[in-house]
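Since the structure comes first, as C-alpha coordinates, the remarks are kept for the end.
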Number of protein chains: 2
Amino acid sequence: MNHLQDVPLAKAYLLLNHGPSTLVTSEHDGVANVMAAAWVMPLDFDPPKLMLVLDRNTWSRHLVEGSGAFVIQLPSRRQAELTLTVGSNNGGEMDKFARFDIAQGRARKIAAPIVEGCLAYLECKVIAEPHNQDKYDLFIAEVVAAYADERAFSNGRWHFPDDELRTIHYQAGGAFFATGEAFQVSRG
Amino acid sequence: MNHLQDVPLAKAYLLLNHGPSTLVTSEHDGVANVMAAAWVMPLDFDPPKLMLVLDRNTWSRHLVEGSGAFVIQLPSRRQAELTLTVGSNNGGEMDKFARFDIAQGRARKIAAPIVEGCLAYLECKVIAEPHNQDKYDLFIAEVVAAYADERAFSNGRWHFPDDELRTIHYQAGGAFFATGEAFQVSRG
(Lines give C-alpha, C1' and ligand atoms only; values in the text may rest on other atoms or scores of the structure.)
Protein backbone atom coordinates (compact mmCIF):
# COMPACT_ATOMS: atom_id res chain seq x y z
CA MET A 1 0.00 0.00 0.00
CA ASN A 2 1.25 3.43 -0.96
CA HIS A 3 1.20 6.02 1.81
CA LEU A 4 2.98 8.75 -0.12
CA GLN A 5 1.36 12.15 -0.19
CA ASP A 6 2.58 15.31 -1.91
CA VAL A 7 4.26 17.92 0.26
CA PRO A 8 3.77 21.53 -0.93
CA LEU A 9 7.13 22.84 -2.12
CA ALA A 10 7.04 25.76 0.31
CA LYS A 11 6.93 23.21 3.15
CA ALA A 12 9.60 20.89 1.80
CA TYR A 13 12.24 22.36 4.15
CA LEU A 14 10.26 20.97 7.08
CA LEU A 15 11.17 17.47 5.97
CA LEU A 16 14.84 18.24 6.65
CA ASN A 17 14.71 20.89 9.35
CA HIS A 18 15.42 18.41 12.16
CA GLY A 19 18.62 17.18 10.53
CA PRO A 20 17.94 13.54 9.61
CA SER A 21 20.33 11.32 7.66
CA THR A 22 19.48 10.59 4.06
CA LEU A 23 19.92 8.32 1.08
CA VAL A 24 20.85 9.87 -2.26
CA THR A 25 19.83 8.26 -5.54
CA SER A 26 20.98 9.34 -8.98
CA GLU A 27 21.22 8.07 -12.54
CA HIS A 28 23.21 8.96 -15.63
CA ASP A 29 23.39 7.26 -19.02
CA GLY A 30 21.32 4.38 -17.70
CA VAL A 31 23.56 3.75 -14.70
CA ALA A 32 22.01 4.29 -11.25
CA ASN A 33 23.38 4.44 -7.72
CA VAL A 34 22.34 4.92 -4.12
CA MET A 35 24.54 6.28 -1.34
CA ALA A 36 24.13 7.50 2.23
CA ALA A 37 24.60 11.16 3.16
CA ALA A 38 24.35 12.81 6.55
CA TRP A 39 25.53 16.19 5.26
CA VAL A 40 22.33 17.47 3.72
CA MET A 41 20.38 20.54 4.84
CA PRO A 42 17.91 23.15 3.67
CA LEU A 43 19.23 26.36 2.13
CA ASP A 44 16.05 28.26 1.28
CA PHE A 45 12.28 28.09 1.69
CA ASP A 46 10.41 28.93 -1.52
CA PRO A 47 11.41 27.89 -4.05
CA PRO A 48 13.08 25.35 -1.78
CA LYS A 49 16.78 24.74 -2.09
CA LEU A 50 19.04 22.34 -0.26
CA MET A 51 22.72 21.52 -0.02
CA LEU A 52 24.48 18.19 -0.28
CA VAL A 53 28.15 17.46 0.36
CA LEU A 54 29.17 14.90 -2.25
CA ASP A 55 32.74 13.67 -2.05
CA ARG A 56 34.68 13.64 -5.31
CA ASN A 57 35.65 10.02 -4.76
CA THR A 58 32.10 8.71 -4.82
CA TRP A 59 30.44 7.09 -7.81
CA SER A 60 27.35 9.21 -7.19
CA ARG A 61 29.42 12.34 -7.74
CA HIS A 62 30.09 11.18 -11.28
CA LEU A 63 26.41 10.46 -11.89
CA VAL A 64 25.16 13.74 -10.38
CA GLU A 65 27.68 15.78 -12.37
CA GLY A 66 26.47 14.00 -15.47
CA SER A 67 22.72 14.25 -14.90
CA GLY A 68 22.43 17.43 -12.83
CA ALA A 69 19.84 15.78 -10.62
CA PHE A 70 19.43 13.57 -7.55
CA VAL A 71 16.82 12.45 -5.05
CA ILE A 72 17.21 12.93 -1.29
CA GLN A 73 15.17 10.36 0.63
CA LEU A 74 14.80 9.85 4.37
CA PRO A 75 15.17 6.26 5.50
CA SER A 76 13.22 5.01 8.49
CA ARG A 77 14.79 3.18 11.40
CA ARG A 78 13.89 -0.10 9.77
CA GLN A 79 16.18 0.96 6.88
CA ALA A 80 19.17 1.80 9.06
CA GLU A 81 21.12 -1.33 8.13
CA LEU A 82 20.44 -0.62 4.46
CA THR A 83 21.66 2.94 5.00
CA LEU A 84 24.92 1.77 6.56
CA THR A 85 25.39 -0.86 3.86
CA VAL A 86 24.98 1.44 0.88
CA GLY A 87 27.16 3.99 2.67
CA SER A 88 29.94 1.43 3.06
CA ASN A 89 30.20 0.21 -0.55
CA ASN A 90 31.32 1.88 -3.76
CA GLY A 91 28.78 2.04 -6.56
CA GLY A 92 31.58 2.04 -9.11
CA GLU A 93 32.30 -1.57 -8.17
CA MET A 94 28.77 -3.00 -8.07
CA ASP A 95 25.11 -2.32 -8.74
CA LYS A 96 24.01 -1.78 -5.15
CA PHE A 97 20.32 -2.10 -5.99
CA ALA A 98 20.92 -5.61 -7.31
CA ARG A 99 23.63 -6.62 -4.87
CA PHE A 100 21.56 -5.70 -1.80
CA ASP A 101 18.16 -6.48 -3.31
CA ILE A 102 16.84 -2.96 -2.78
CA ALA A 103 13.25 -2.39 -3.90
CA GLN A 104 13.15 0.65 -6.15
CA GLY A 105 10.66 2.91 -7.85
CA ARG A 106 11.07 5.91 -10.15
CA ALA A 107 11.24 9.56 -9.32
CA ARG A 108 8.45 11.73 -10.71
CA LYS A 109 10.14 14.83 -12.10
CA ILE A 110 13.71 13.73 -12.66
CA ALA A 111 15.27 10.64 -14.21
CA ALA A 112 16.43 8.61 -11.20
CA PRO A 113 15.39 5.65 -9.11
CA ILE A 114 14.04 6.00 -5.58
CA VAL A 115 14.38 3.56 -2.70
CA GLU A 116 10.98 2.16 -1.80
CA GLY A 117 9.75 2.45 1.77
CA CYS A 118 11.45 5.71 2.77
CA LEU A 119 9.63 8.30 4.86
CA ALA A 120 10.10 11.24 2.50
CA TYR A 121 11.50 12.15 -0.90
CA LEU A 122 12.89 15.41 -2.25
CA GLU A 123 13.64 15.43 -5.97
CA CYS A 124 16.38 17.93 -6.78
CA LYS A 125 17.92 19.68 -9.77
CA VAL A 126 21.48 20.93 -9.33
CA ILE A 127 22.09 24.68 -9.54
CA ALA A 128 25.49 24.80 -11.22
CA GLU A 129 28.05 26.33 -8.87
CA PRO A 130 31.41 25.06 -10.16
CA HIS A 131 33.47 26.85 -7.52
CA ASN A 132 31.55 25.23 -4.64
CA GLN A 133 31.57 21.84 -6.31
CA ASP A 134 35.30 21.93 -7.07
CA LYS A 135 36.57 23.54 -3.90
CA TYR A 136 34.18 22.17 -1.27
CA ASP A 137 32.43 19.14 -2.83
CA LEU A 138 29.29 21.18 -2.17
CA PHE A 139 26.20 20.90 -4.36
CA ILE A 140 23.33 23.36 -4.22
CA ALA A 141 20.05 22.19 -5.72
CA GLU A 142 16.45 23.26 -6.13
CA VAL A 143 13.78 20.91 -4.83
CA VAL A 144 11.32 20.31 -7.67
CA ALA A 145 9.09 17.67 -6.06
CA ALA A 146 8.51 16.50 -2.49
CA TYR A 147 6.36 13.77 -1.01
CA ALA A 148 6.22 11.91 2.26
CA ASP A 149 4.65 8.96 4.06
CA GLU A 150 1.45 10.45 5.43
CA ARG A 151 1.61 8.14 8.45
CA ALA A 152 4.75 10.02 9.58
CA PHE A 153 4.45 13.50 8.02
CA SER A 154 1.35 15.56 7.32
CA ASN A 155 0.26 19.19 7.55
CA GLY A 156 3.89 20.26 7.73
CA ARG A 157 4.79 18.22 10.80
CA TRP A 158 6.50 14.94 11.60
CA HIS A 159 4.47 12.75 13.96
CA PHE A 160 6.05 9.34 14.04
CA PRO A 161 3.44 6.63 14.55
CA ASP A 162 5.86 4.02 15.90
CA ASP A 163 9.56 3.53 16.55
CA GLU A 164 10.19 1.71 13.28
CA LEU A 165 8.90 4.66 11.26
CA ARG A 166 11.11 7.31 12.85
CA THR A 167 13.76 9.20 10.91
CA ILE A 168 17.37 8.50 11.88
CA HIS A 169 20.52 10.52 12.53
CA TYR A 170 23.89 8.99 11.79
CA GLN A 171 26.67 9.29 14.31
CA ALA A 172 29.63 7.10 13.13
CA GLY A 173 30.78 3.49 13.05
CA GLY A 174 27.28 2.08 12.51
CA ALA A 175 25.83 4.07 15.43
CA PHE A 176 22.64 6.02 14.86
CA PHE A 177 20.10 7.93 16.90
CA ALA A 178 16.40 7.70 16.21
CA THR A 179 14.57 11.00 16.16
CA GLY A 180 13.27 11.17 19.73
CA GLU A 181 10.52 12.61 21.82
CA ALA A 182 8.55 15.56 20.45
CA PHE A 183 8.01 18.48 22.81
CA GLN A 184 6.65 21.99 22.60
CA VAL A 185 7.95 25.16 24.23
CA SER A 186 6.75 28.78 24.37
CA ARG A 187 8.86 31.90 24.08
CA GLY A 188 10.07 33.38 27.29
CA MET B 1 31.16 22.98 38.01
CA ASN B 2 32.68 23.01 34.55
CA HIS B 3 32.27 19.82 32.54
CA LEU B 4 33.78 21.13 29.31
CA GLN B 5 36.51 19.06 27.70
CA ASP B 6 38.43 19.78 24.50
CA VAL B 7 37.33 17.89 21.38
CA PRO B 8 40.17 17.17 18.91
CA LEU B 9 39.56 19.26 15.79
CA ALA B 10 39.53 16.19 13.54
CA LYS B 11 36.55 14.92 15.55
CA ALA B 12 34.64 18.20 15.69
CA TYR B 13 32.32 17.12 12.86
CA LEU B 14 30.97 14.39 15.14
CA LEU B 15 29.39 17.06 17.30
CA LEU B 16 27.15 18.05 14.37
CA ASN B 17 26.83 14.86 12.35
CA HIS B 18 23.42 14.01 13.80
CA GLY B 19 21.93 17.35 12.76
CA PRO B 20 21.09 19.14 16.02
CA SER B 21 19.79 22.69 16.27
CA THR B 22 22.22 25.36 17.42
CA LEU B 23 22.71 28.76 18.95
CA VAL B 24 25.02 31.22 17.20
CA THR B 25 26.91 33.88 19.14
CA SER B 26 28.91 36.71 17.62
CA GLU B 27 30.40 40.09 18.50
CA HIS B 28 31.59 43.11 16.58
CA ASP B 29 32.77 46.50 17.85
CA GLY B 30 31.75 45.58 21.38
CA VAL B 31 28.20 44.60 20.41
CA ALA B 32 27.23 40.95 20.91
CA ASN B 33 24.26 38.85 19.90
CA VAL B 34 22.86 35.34 20.14
CA MET B 35 20.45 33.74 17.67
CA ALA B 36 19.06 30.29 16.92
CA ALA B 37 20.01 28.37 13.77
CA ALA B 38 18.84 24.98 12.59
CA TRP B 39 20.62 25.24 9.23
CA VAL B 40 24.14 24.35 10.29
CA MET B 41 26.11 21.31 9.13
CA PRO B 42 29.62 19.98 8.68
CA LEU B 43 31.40 20.58 5.38
CA ASP B 44 34.78 18.93 5.93
CA PHE B 45 36.68 16.80 8.42
CA ASP B 46 40.23 18.03 9.01
CA PRO B 47 40.71 20.89 9.20
CA PRO B 48 37.04 20.96 10.08
CA LYS B 49 34.73 23.29 8.23
CA LEU B 50 31.04 23.92 8.65
CA MET B 51 28.28 25.88 6.96
CA LEU B 52 25.73 28.24 8.43
CA VAL B 53 22.78 29.86 6.67
CA LEU B 54 22.55 33.38 8.04
CA ASP B 55 19.68 35.47 6.75
CA ARG B 56 20.55 38.98 5.60
CA ASN B 57 17.83 40.44 7.78
CA THR B 58 19.35 39.24 11.05
CA TRP B 59 21.40 41.37 13.38
CA SER B 60 23.93 38.52 13.68
CA ARG B 61 24.59 38.76 9.95
CA HIS B 62 25.84 42.30 10.47
CA LEU B 63 28.07 41.22 13.36
CA VAL B 64 29.50 38.16 11.60
CA GLU B 65 30.26 40.14 8.45
CA GLY B 66 32.06 42.65 10.63
CA SER B 67 34.05 40.26 12.79
CA GLY B 68 34.50 37.26 10.48
CA ALA B 69 33.82 34.92 13.37
CA PHE B 70 31.05 33.18 15.30
CA VAL B 71 30.48 30.37 17.77
CA ILE B 72 28.10 27.47 17.11
CA GLN B 73 26.82 25.96 20.36
CA LEU B 74 24.46 23.08 20.95
CA PRO B 75 21.74 23.80 23.50
CA SER B 76 20.39 20.98 25.64
CA ARG B 77 16.72 20.21 26.04
CA ARG B 78 16.66 22.32 29.17
CA GLN B 79 17.63 25.27 26.95
CA ALA B 80 14.89 24.73 24.36
CA GLU B 81 12.76 27.64 25.59
CA LEU B 82 15.83 29.88 25.51
CA THR B 83 16.53 28.68 21.97
CA LEU B 84 13.02 29.55 20.80
CA THR B 85 13.14 32.90 22.58
CA VAL B 86 16.41 34.12 21.10
CA GLY B 87 15.24 32.82 17.72
CA SER B 88 12.06 34.90 17.95
CA ASN B 89 13.57 38.28 18.77
CA ASN B 90 15.75 40.69 16.81
CA GLY B 91 19.10 41.55 18.33
CA GLY B 92 19.04 44.92 16.61
CA GLU B 93 16.23 45.94 18.95
CA MET B 94 17.58 44.67 22.28
CA ASP B 95 20.52 43.12 24.07
CA LYS B 96 19.18 39.57 24.28
CA PHE B 97 21.75 38.52 26.88
CA ALA B 98 20.49 41.22 29.23
CA ARG B 99 16.82 41.04 28.28
CA PHE B 100 16.58 37.28 28.83
CA ASP B 101 19.17 37.08 31.59
CA ILE B 102 21.38 34.64 29.68
CA ALA B 103 24.52 33.52 31.53
CA GLN B 104 27.51 34.03 29.28
CA GLY B 105 31.19 33.23 29.10
CA ARG B 106 33.87 34.04 26.55
CA ALA B 107 35.07 32.04 23.59
CA ARG B 108 38.70 30.91 23.69
CA LYS B 109 40.10 31.61 20.23
CA ILE B 110 37.76 34.25 18.85
CA ALA B 111 36.27 37.44 20.27
CA ALA B 112 32.68 36.46 21.08
CA PRO B 113 30.50 35.49 24.01
CA ILE B 114 29.27 31.92 24.55
CA VAL B 115 26.02 30.82 26.18
CA GLU B 116 26.80 28.97 29.41
CA GLY B 117 25.43 25.47 29.91
CA CYS B 118 25.40 24.26 26.31
CA LEU B 119 26.46 20.73 25.40
CA ALA B 120 29.13 21.66 22.86
CA TYR B 121 30.87 24.65 21.30
CA LEU B 122 32.52 25.11 17.92
CA GLU B 123 34.42 28.36 17.48
CA CYS B 124 34.55 29.37 13.82
CA LYS B 125 36.38 31.79 11.53
CA VAL B 126 34.60 32.71 8.32
CA ILE B 127 36.24 31.72 5.03
CA ALA B 128 35.31 34.65 2.80
CA GLU B 129 33.05 33.50 -0.03
CA PRO B 130 31.23 36.67 -1.14
CA HIS B 131 29.21 34.94 -3.86
CA ASN B 132 27.76 32.38 -1.44
CA GLN B 133 27.11 35.01 1.19
CA ASP B 134 25.42 37.42 -1.21
CA LYS B 135 23.45 34.96 -3.31
CA TYR B 136 22.53 32.26 -0.76
CA ASP B 137 23.06 33.79 2.72
CA LEU B 138 25.53 30.93 3.10
CA PHE B 139 28.62 31.21 5.30
CA ILE B 140 31.47 28.71 5.20
CA ALA B 141 33.80 28.71 8.20
CA GLU B 142 36.74 26.83 9.65
CA VAL B 143 36.33 25.41 13.14
CA VAL B 144 39.31 26.62 15.18
CA ALA B 145 38.31 25.29 18.62
CA ALA B 146 35.82 22.69 19.84
CA TYR B 147 34.82 21.54 23.30
CA ALA B 148 31.92 19.65 24.79
CA ASP B 149 30.26 18.64 28.05
CA GLU B 150 32.06 15.41 28.88
CA ARG B 151 28.91 14.04 30.51
CA ALA B 152 27.25 13.98 27.08
CA PHE B 153 30.14 13.69 24.59
CA SER B 154 33.45 11.89 24.97
CA ASN B 155 35.76 9.76 22.83
CA GLY B 156 34.02 11.00 19.70
CA ARG B 157 30.52 9.87 20.68
CA TRP B 158 27.38 11.36 22.13
CA HIS B 159 26.01 9.38 25.08
CA PHE B 160 23.32 11.45 26.72
CA PRO B 161 23.21 10.81 30.47
CA ASP B 162 19.62 11.96 30.94
CA ASP B 163 16.76 13.50 28.99
CA GLU B 164 17.54 17.06 30.05
CA LEU B 165 21.06 16.84 28.60
CA ARG B 166 20.04 15.66 25.12
CA THR B 167 20.63 17.74 22.02
CA ILE B 168 17.52 19.04 20.26
CA HIS B 169 16.23 19.32 16.70
CA TYR B 170 13.92 22.16 15.77
CA GLN B 171 10.81 21.47 13.76
CA ALA B 172 8.72 24.69 13.61
CA GLY B 173 6.30 26.74 15.68
CA GLY B 174 8.00 25.99 19.00
CA ALA B 175 8.01 22.22 18.33
CA PHE B 176 11.25 20.32 18.84
CA PHE B 177 12.43 16.74 18.92
CA ALA B 178 14.96 15.53 21.44
CA THR B 179 17.73 13.36 20.05
CA GLY B 180 16.34 9.89 20.68
CA GLU B 181 17.37 6.32 21.28
CA ALA B 182 20.87 5.26 20.24
CA PHE B 183 21.15 2.04 18.28
CA GLN B 184 23.84 0.16 16.42
CA VAL B 185 23.61 -1.69 13.13
CA SER B 186 26.03 -3.81 11.07
CA ARG B 187 26.48 -3.73 7.32
CA GLY B 188 24.49 -6.25 5.34
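Each chain gets a letter, A, B and so on, in the order the sequences are listed, and its residues count up from 1.
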query = Distance-only, no hydrogens or angles: does the B:Asn17 side chain make a donor-acceptor pair with backbone N or O of A:Tyr170 under 3.5 Å?
reply = yes

task = Determine, using the 4.5 Å side-chain heavy-atom cutoff (strictly less than), whether A:Trp59 and A:Val115 are members of one ILVMFWY cluster.
result = no

key: Heavy-atom pair count under 4.5 Å with chain A, highest-scoring of B:Ala182, B:Gly19, B:Pro42   = B:Pro42

ask   = Looking only at heavy atoms, what is the nearest atom pair of B:Arg77 and A:Phe183, with distance?
value = NH2-CB, 3.4 Å

query = Applying the 4.5 Å side-chain criterion to the ILVMFWY set and letting contacts propagate, would B:Ile72 and B:Leu119 be lumped into a single cluster?
reply = yes

ask   = Same cluster or not: are B:Trp39 and A:Phe139 linked, directly or through other Ile, Leu, Val, Met, Phe, Trp or Tyr residues, by side-chain heavy atoms under 4.5 angstrom apart?
value = yes

Within 6.0 angstrom of B:Arg99 CZ, more than 12 heavy atoms from elsewhere = no

remark   = When every non-hydrogen atom of A:Leu43 is compared with those of B:Leu138, the smallest separation belongs to CD1-CB, 4.3 Å

ask   = Quick check: does any side chain N or O of B:Gln171 sit under 3.5 Å from a backbone N or O of A:Arg157, one acting as donor and the other as acceptor?
value = no

task = Side chain from CB out, backbone as N, CA, C, O: work out which of these in B:Asn132 comes under 4.5 Å of a heavy atom of chain A, or both, or neither.
result = side chain

ask   = What part of A:Ser88 gets closer than 4.5 Å to chain B, counting heavy atoms only: side chain, backbone, both or neither?
value = both

request  = Find the distance between CZ (A:Arg187) and OG1 (B:Thr85) and round it off to the nearest 0.5 Å.
outcome  = 8.0 Å

task = Considering non-hydrogen atoms only, spot the tightest contact between A:Tyr136 and B:Glu129 and give its length.
result = OH-OE2, 2.6 Å

request  = Take the angle between the ring planes of A:His18 and B:Phe177 and call it parallel below 30°, perpendicular above 60°, tilted in between.
outcome  = tilted

Contact class of B:Ile127 relative to chain A, heavy atoms under 4.5 angstrom = side chain

task = Indicate the atoms forming the closest heavy-atom contact of A:Gln184 with B:Gly173, along with that distance.
result = NE2-O, 2.6 Å

B:Ser186 portion near chain A, given a 4.5 angstrom heavy-atom threshold = backbone

query = Heavy-atom distance under 4.5 Å to chain A: side chain of B:Val40, backbone, both or neither?
reply = backbone

task = Can you establish whether the number of heavy atoms outside A:Asn155 located under 6.0 Å from its atom CG is more than 12?
result = no

key: Cluster check A:Leu84, A:Leu23: I/L/V/M/F/W/Y, side chain < 4.5 angstrom   = no

inquiry  = Can you tell me which of B:Ala80, B:Ser21, B:Pro20 forms the most heavy-atom pairs within a distance under 4.5 Å of chain A?
reply    = B:Ala80

query = Where does B:Ile140 contact chain A at under 4.5 Å (heavy atoms): side chain, backbone, both or neither?
reply = side chain

inquiry  = Between B:Arg166 and A:Glu181, does any NZ, NE, NH1 or NH2 come within less than 4.0 Å of an OD or OE carboxylate oxygen?
reply    = no

task = Could you state whether A:Leu50 and A:Leu14 fall into the same hydrophobic cluster, counting links through intermediate Ile, Leu, Val, Met, Phe, Trp or Tyr residues with side-chain heavy atoms under 4.5 angstrom apart?
result = yes

key: Heavy-atom proximity to chain A below 4.5 Å, by part of B:Leu82   = neither

remark   = What one should report as the nearest heavy-atom pair of B:Val53 and A:Met51 is CG2-CE, 4.2 Å

ask   = Looking at B:Phe100, B:Tyr13, B:Trp158, which has the largest count of heavy-atom pairs under 4.5 Å with chain A?
value = B:Trp158

